[in-house]
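Down below is the structure, laid out as structure tokens.
A quick note: this is a predicted structure, and the numbers were derived from the prediction, not measured. In this chain, residues are counted from 1 in sequence order. Quick note: numbers below take in every heavy atom, side chains included, and nothing from hydrogens, waters or symmetry partners.
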Amino acid sequence: MESAVCPGSRLPDVGVSIFATMSRLANEYGALNLSQGFPDFDCDPDLVATIHRHMLAGHNQYAPMPGLPALRGALCAKIARLYGADYDPAAEITITSGATEALFDVITAFVHPGDEVIVFEPAYDAYVLVIRLNGGIPRFVTLAAPDYAIDWNAVRSALTPRTRMLIVNSPHNPTGAVLSARDLDELANVLDGGPVIVLADEVYEHIVFDGGRHESVARHPALRERSCVVSSFGKTYHTTGWKVGYVTAPALLSAEIQRIHQFVTFATNTPAQMAFAEFTERRDRYDDLAAFYQAKRDRFLRLIEGSRFVPVHCRGTYFQILEYSAISGAADAEFAMTLLQDHGVASIPTSAFLYNSDAPRVLRFCFAKKDETLERAAERLRRV
Ligand code: PMP
Ligand code: GLN
């Protein structure tokens, strides 16, 4: 709304995010909250002891603008080990206040007014509004249910001389789809010779199931040169509330990202960076994460057997898509409200991730929950 002191909104059609909305409603109705993606169990107490130790030791002032050298070094060593990609800790990595800040910094650094950005939908909500805020134009390519694979011919058709960026997210929120090595080859071929920057949102990099391997764009030499790769400690260490993430990119791109970062937050929480630097060096901390969440996925699927929900295969992330067309013909937002109010389970309608195409009759359920929460939720879902 406009007033003498409040001009017209820069994002007039943007409301409160679906994650905030559904978590609020879950609290209001006392529903089990499988909507917003966060664990309902605690992080490792050793991590809390570590951050506390650094706080007590007086590490409570600003970190260096690009991030603590110890953390940047530990992350570059980890990325080299996992993906065979060498990033220079001094010039090619930036520690940010969550992946959300990294996404904002990257899009703002490179998208000029009138530039086009290829976005696969369903798309995580933080991409499109930042593109629009910067005067960019999202060009959507739909990932179609049920397998949500990329149609590379559609990507070729979406490319124009104005395309400045392409955003990929693997493992994919909300569908659980993952990119294959062949997808990365296709991506490299499609973009070959052109000026397009790849923004790769890989926050669920350690949550890939069924023996699959996370195909980071960093692994692919041709893509690495044109990519900004974003990740988050929140997903890997069960610390979504600490809001620490990072972005790796070639030096010239990183310099531009840091020009924005220094005026968005300047620097990221110092004791948290110190704690994550120690934990990043301890490989066992993320090596078993996929098995941990795969067991949760499988438990949830076993528990809802006999219900009328039909699961879509989830290859990664901590989200399970369930199809409900055997239960209701209602649109997803409406059915999510029925489920929340009448059955006490909060979920996320995927229409919140769609811009151009109609929503299939599916909902997203977060299984980063205690076994007891999953059991109680499944019992309710079986009765629907
Ligand atoms: N990208 C995706 C795909 C996400 O699901 C999330 C968060 N849940 C983020 C980015 C943001 O991560 P962070 O909480 O570190 O800002
Ligand atoms: N990424 C989380 C999800 O998909 C939510 C993050 C947020 O609330 N902004 O549920």
Under the side-chain contact (heavy atoms from CB on, under 4.5 Å) rule, what do Val48 and Cys43 come out as? Steps first, then yes or no, please. CA-CA 8 Å; Val48 177; Cys43 65; 3.6 Å; yes
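- Remark: Arg259 engages Glu256 in a salt bridge, criterion side-chain N to carboxylate O under 4.0 Å.
- Side chain of Thr240 to main chain of Gly234: no donor-acceptor pair is present (N/O by atom type, distance under 3.5 Å, no hydrogens or angles).
- Contact between Ile207 and Pro171 at its shortest, heavy atoms only, is O-CG, 3.7 Å.
- One hydrophobic cluster holds both Leu82 and Ile79 under the rule that ILVMFWY side chains link at heavy-atom gaps under 4.5 Å.
- Ring orientation note: the planes of Phe140 and Tyr355 are close to parallel, at an angle under 30° on the 30°/60° scale.
- Asp13 pairs by the salt bridge (Lys or Arg N to Asp or Glu O under 4.0 Å) definition with Arg132, not counting sequence neighbours.
- Annotation: side-chain hydrogen bond (donor to acceptor under 3.5 Å, both in side chains) contacts involving residues 20-30, sequence neighbours excluded, comprise Ser23-Asn33, Ser23-Gln36, Arg24-Glu28, Tyr29-Gln341.
- Sorted by first and then second residue, the salt bridge (Lys or Arg N to Asp or Glu O under 4.0 Å) pairs with a member in residues 55-67 form an empty list; sequence neighbours excluded.
- Checked by atom type and distance alone, the side chain of Ser17 pairs as donor or acceptor with a backbone atom of Phe19 at under 3.5 Å.
- Side-chain atoms of Ser170 do not come within 3.5 Å of backbone N or O of His172 as any donor-acceptor pair.
- Every pair passing salt bridge (Lys or Arg N to Asp or Glu O under 4.0 Å) that includes a residue from residues 33-48 is listed here, sequence neighbours excluded: Asp44-Arg285, Asp46-Arg282, Asp46-Arg285.
- Counting all heavy atoms, side chain and backbone alike, Phe266 lies closest to Ala63 at CE2-O, 4.0 Å.
- Side-chain contact between Leu166 and Val190: absent, with no pair of heavy atoms (C-beta onward) separated by less than 4.5 Å.
- Taking the six-membered ring for Trp and the full ring otherwise, the centers of Tyr204 and Tyr318 sit less than 6.0 Å from each other.
- The six-membered or imidazole ring of Trp242 lies away from that of Tyr237, with a centre-to-centre distance of 6.0 Å or more.
- No side-chain heavy atom of Phe276 sits under 4.5 Å from any side-chain heavy atom of Thr50.
- Note: Phe309 and Phe365 have perpendicular aromatic rings, judged against thresholds of 30 and 60 degrees for the angle between ring planes.
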Set out, in order, the CA-CA distance, both residues' side-chain angles and the distance that settles side-chain contact (heavy atoms from CB on, under 4.5 Å) for Ile304 and Phe300, then state yes or no. CA-CA 6 Å; Ile304 61 160; Phe300 184 55; 4.0 Å; yes
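- Taking NE2 of His343 as the reference point, atom CD of Glu379 lies at 13.5 Å (rounded to 0.5 Å).
- The two residues Leu340 and Met22 come nearest to each other via the heavy atoms CD1-CE, 3.8 Å.
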Take Asn60 and Met55 through the side-chain contact (heavy atoms from CB on, under 4.5 Å) test and state the conclusion after the steps. CA-CA 6 Å; Asn60 298 303; Met55 287 173 163; 3.7 Å; yes
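- The salt bridge (Lys or Arg N to Asp or Glu O under 4.0 Å) check on Arg182 picks up Glu186, with sequence neighbours excluded.
- Residues passing the salt bridge (Lys or Arg N to Asp or Glu O under 4.0 Å) test with Arg302, sequence neighbours excluded: none.
- In terms of heavy-atom proximity, Leu339 sits nearest to Ser347 at CD2-OG, 4.1 Å.
- No donor-acceptor distance shorter than 3.5 angstrom exists from the side chain of Asn134 to the backbone of Gly136, with no hydrogens or angles considered.
- The shortest side-chain heavy-atom distance between Ile257 and Cys228 falls under the 4.5 Å cut-off.
- In summary, the aromatic rings of Tyr246 and Phe233 are positioned with their centroids under 6.0 Å apart.
- Among pairs with a residue in residues 286-296, those fulfilling salt bridge (Lys or Arg N to Asp or Glu O under 4.0 Å) read Arg283-Asp287, Lys296-Asp371, at least two apart in sequence or across chains.
- Side-chain contact between Thr248 and Glu202 is absent, with no heavy-atom pair separated by less than 4.5 Å.
- With Arg139 contributing its side chain and Leu159 its backbone, the two residues share no donor-acceptor pair below 3.5 Å.
- Using a 4.5 Å heavy-atom threshold, the side chains of Val208 and Arg213 count as separate.
- Looking at heavy atoms from C-beta onward, Asp201 lies in side-chain contact with Tyr127 at the 4.5 angstrom threshold.
- Nearest approach of Met65 to His261, heavy atoms of both residues: O-NE2, 2.7 Å.
- You'll find the side chain of Val168 reaches within 4.5 Å of the side chain of Val198, heavy atoms only.
- Expressed to the nearest 0.5 Å, how far CD1 of Ile197 lies from CG of Asp115 amounts to 9.5 Å.
- Using a 4.5 Å cut-off on side-chain heavy atoms (C-beta onward), Ile95 and Leu75 make contact.
- Aromatic ring pairs are classed by plane angle as parallel below 30°, tilted from 30° to 60° and perpendicular above 60°; the pair Tyr124 and Phe353 is tilted.
- In terms of modelled atom types and a separation under 3.5 Å, the side chain of Arg72 and the main chain of Gly67 share a donor-acceptor contact.
- The aromatic rings of Tyr293 and Phe41 are tilted relative to each other, their planes meeting at an angle between 30° and 60°.
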Start with the C-alpha distance between His214 and His206, add both sets of side-chain angles, then the distance that settles side-chain contact (heavy atoms from CB on, under 4.5 Å), and finish with yes or no. CA-CA 7 Å; His214 171 58; His206 297 301; over 6 Å; no
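- Within 6.0 Å of CG on Leu252 lie no more than 12 heavy atoms contributed by other residues, nucleotides or ligands.
- Applying the salt bridge (Lys or Arg N to Asp or Glu O under 4.0 Å) test to every pair with at least one member in residues 120-129, sequence neighbours left out, gives no pairs at all.
- Judged by distance alone, the side chains of Asp332 and Ser351 do bring a donor and an acceptor atom under 3.5 Å apart.
- When all heavy atoms of Val312 and Pro146 are compared, the pair lying nearest together is CG1-O, 3.1 Å.
- Note on residues 218-231: pairs passing side-chain hydrogen bond (donor to acceptor under 3.5 Å, both in side chains), not counting sequence neighbours, are Glu92-Arg224, Asp185-His220, Glu205-Ser231, Glu215-Arg219.
- Among pairs with a residue in residues 159-169, those fulfilling side-chain hydrogen bond (donor to acceptor under 3.5 Å, both in side chains) read Glu116-Thr160, at least two apart in sequence or across chains.
- At least one donor-acceptor pair under 3.5 Å links the side chain of Asp183 to the backbone N or O of Ser180.
- Cation-pi geometry between Lys369 and Phe38 is met: under 6.0 angstrom from the ring centre, within 45 degrees of the axis.
- With rounding to the nearest 0.5 Å, the separation of SG in Cys314 from CD1 in Ile321 is 8.5 Å.
- Among residues two or more places apart in sequence or in another chain, the salt bridge (Lys or Arg N to Asp or Glu O under 4.0 Å) test is passed with Arg361 by none.
- In this structure, the side chain of Tyr148 does not engage the main chain of Pro122 through any donor-acceptor pair within 3.5 Å.
- Remark: the backbone N or O of Arg297 is not paired with any side-chain donor or acceptor of Gln320 at under 3.5 angstrom.
- Applying the side-chain hydrogen bond (donor to acceptor under 3.5 Å, both in side chains) test to every pair with at least one member in residues 272-281, sequence neighbours left out, gives these pairs: Arg53-Glu278, His54-Glu278.
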